[in-house]
Amino acid sequence: MNTKKIVGIFLLSLCTMCFVNCSDDDTPDDPADTITLNMLNEHNGKTYLGESNVYINEANNFITSKNFISDVGNGAGVGANILPSLTNLTHEVAVTPGHIYQIFDKNTLINFPSGNYAIQVETSYYQAYVVSKIVNSDMNIGAIVKYISVFPNNNGLPAYKYNIGSLYRIGETVELALPQDIEFFLKEHSAGIKGLNVTYANNKLRITLTKAPDIVNGPYGTFDLYIRSNNVFTIVEVHVE
């Protein structure tokens with residue numbers, strides 16, 4: 001092999017290495033909106049995670065009184081594509097490097113009659129990743145945490161507080177197309193919920209008025225129907241006048 005060929009192969013190798021390295025630099029592991037936080041525990045500054053009530057206590061656990069925390073387990077990083085984990089919600093959990101955590105506002109979650117929790121559409125939660133512990137003089141004083149704000153997929157559900165329609169006379173029906181495998185319940189109303197029949201079949205939810213509107217004894221006014229699809233929920237409204 002002559003000298004020109006050897007030099008050519010060497011230069012080609014350099015170009016290939018440069019291309020690979022540049023491509024890696026242009027594709028960071030973390031989403032663009034990732035925030036890196038030095039979370040000091042309650043005896044060394046008591047840093048809160050974002051706008052949540054979550055901090056690290058003396059036992060070096062995440063703890064909160066106003067949120068729910070879910071330890072998702074080992075993960076590749078804060079940008080991991082993970083559905084909302086709502087089966088092991090707690091108020092205190094160990095801070096473990098390499099683990100992903102999800103932090104939910106209690107006011108955005110509903111526990112449905114089936115016992116399944118769901119998060120409200122159009123609301124966000126935090127997804128956090130513990131990079132490492134923060135150690136000072138052999139003492140664990142906190143953790144380096146990366147976190148992002150995540151909006152769940154609406155799973156084909158309508159917008160929150162969507163108006164499905166109005167009912168005026170006995171026998172009138174309003175309907176709404178929905179995804180498969182939903183769960184729903186009609187919220188109790190000051191005028192009671194008698195007079196409204198709610199059914200679901202063939203991916204359509206139907207609400208039928210079975211009693212004449214009565215401003216005193218009901219049904220009358222705006223009724224809220226809670227609908228869950230997997231781990232998200234919405235509320236649709238129906239008016240009886």
Side-chain angles (χ1 to χ4, degrees), residues 51-54 64-70 82-91 102-127 149-241:
E51 297 182 4
S52 74
N53 179 245
V54 175
T64 177
S65 59
K66 297 180 181 178
N67 301 94
F68 279 125
I69 309 173
S70 176
I82 302 172
L83 294 175
S85 179
L86 303 173
T87 57
N88 59 340
L89 299 173
T90 185
H91 297 290
Q102 294 176 341
I103 295 99
F104 304 93
D105 184 336
K106 285 183 179 180
N107 295 323
T108 66
L109 301 182
I110 290 290
N111 190 6
F112 275 70
S114 62
N116 291 304
Y117 273 96
I119 183 171
Q120 179 186 312
V121 296
E122 303 165 13
T123 60
S124 65
Y125 60 93
Y126 289 126
Q127 182 159 292
S149 183
V150 180
F151 284 86
N153 192 304
N154 66 7
N155 290 349
L157 294 178
Y160 186 71
K161 290 288 187 178
Y162 174 76
N163 179 13
I164 192 174
S166 298
L167 299 171
Y168 303 94
R169 302 176 187 83
I170 294 176
E172 282 189 332
T173 297
V174 290
E175 64 179 37
L176 179 68
L178 290 171
Q180 292 181 343
D181 301 324
I182 65 163
E183 179 182 5
F184 62 87
F185 69 89
L186 195 60
K187 184 180 180 182
E188 287 293 335
H189 194 279
S190 59
I193 59 175
K194 292 181 179 179
L196 290 177
N197 182 41
V198 184
T199 59
Y200 174 73
N202 300 321
N203 290 14
K204 285 191 177 180
L205 185 137
R206 294 176 175 83
I207 305 175
T208 303
L209 189 63
T210 60
K211 182 176 178 291
D214 188 326
I215 196 170
V216 177
N217 300 309
Y220 192 85
T222 301
F223 293 80
D224 289 337
L225 185 66
Y226 288 69
I227 306 171
R228 178 182 71 85
S229 173
N230 196 3
N231 48 25
V232 295
F233 81 93
T234 191
I235 297 176
V236 297
E237 297 179 336
V238 59
H239 303 293
V240 178
E241 303 176 19

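Position 1 is the first residue of the sequence; numbering continues from there.
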(message) Pair N231, N155 - check side-chain contact (heavy atoms from CB on, under 4.5 Å), show working.
(response) CA-CA 9 Å; N231 48 25; N155 290 349; 3.9 Å; yes

(request) Please name the pair of heavy atoms, one in R228 and one in S114, separated by the smallest distance, quoted to 0.1 Å. (result) NH2-OG, 3.9 Å

(message) Under a plain distance cut-off of 3.5 Å, with no hydrogens placed, do T208 and N197 share a side-chain donor-acceptor pair?
(response) no

(request) Quick one: closest heavy-atom pair of Y125 and P152, and the distance? (result) CE2-CD, 4.1 Å

(request) Determine the minimum heavy-atom distance between L225 and F184, stating which atoms define it. (result) CD1-CD1, 4.2 Å

(request) Using salt bridge (charged side-chain N to carboxylate O under 4.0 Å, His left out) as the criterion, list what pairs up with E122, not counting sequence neighbours. (result) none

(message) Does the Lys NZ or Arg CZ of K106 fall within the cation-pi geometry relative to F68 - under 6.0 Å from the ring centre and within 45° of the axis?
(response) yes

(message) I'd like to know if the side chain of H239 pairs up with that of T222 as donor and acceptor (distance under 3.5 Å, no hydrogens or angles considered).
(response) yes

(request) Over all heavy atoms of both residues, which pair between K66 and D105 is shortest? Give the atoms and the distance, please. (result) O-OD1, 4.4 Å

(request) Report yes if some heavy atom in the side chain of T64 is under 4.5 Å from a heavy atom in the side chain of I103; otherwise report no. (result) no

(request) With rounding to the nearest 0.5 Å, note down the distance linking OG1 in T199 to NZ in K204. (result) 11.5 Å

(request) Would you indicate whether the side-chain heavy atoms of N203 and I182 approach each other to under 4.5 Å? (result) no

(request) Report yes or no: does S149 contribute a side-chain atom to a donor-acceptor pair with the main-chain N or O of Y126 at less than 3.5 Å? (result) no

Cut-off 3.5 Å, no hydrogens considered: what does the side-chain donor-acceptor table look like for residues 158-171, sequence neighbours left out?
{"unit_1": "K161", "atom_1": "NZ", "unit_2": "D224", "atom_2": "OD2", "d": "3.3"}
{"unit_1": "N163", "atom_1": "OD1", "unit_2": "G165", "atom_2": "N", "d": "3.0"}
{"unit_1": "R169", "atom_1": "NH1", "unit_2": "E172", "atom_2": "OE2", "d": "3.3"}

(request) Over all heavy atoms of both residues, which pair between I119 and L86 is shortest? Give the atoms and the distance, please. (result) N-CD1, 4.0 Å

(message) Can you classify the ring geometry of F112 versus Y226 as parallel (below 30°), tilted (30 to 60°) or perpendicular (above 60°)?
(response) perpendicular

(message) Looking at N67 and N53, would you say the former's side chain and the latter's main chain have a donor-acceptor pair under 3.5 Å?
(response) yes

(request) Could you tell me whether the side chain of Q102 and the main chain of L83 form a donor-acceptor pair under 3.5 Å? (result) yes

(request) Search all heavy atoms of L89 against all heavy atoms of S85 and return the closest pair with its distance. (result) CD2-O, 3.9 Å

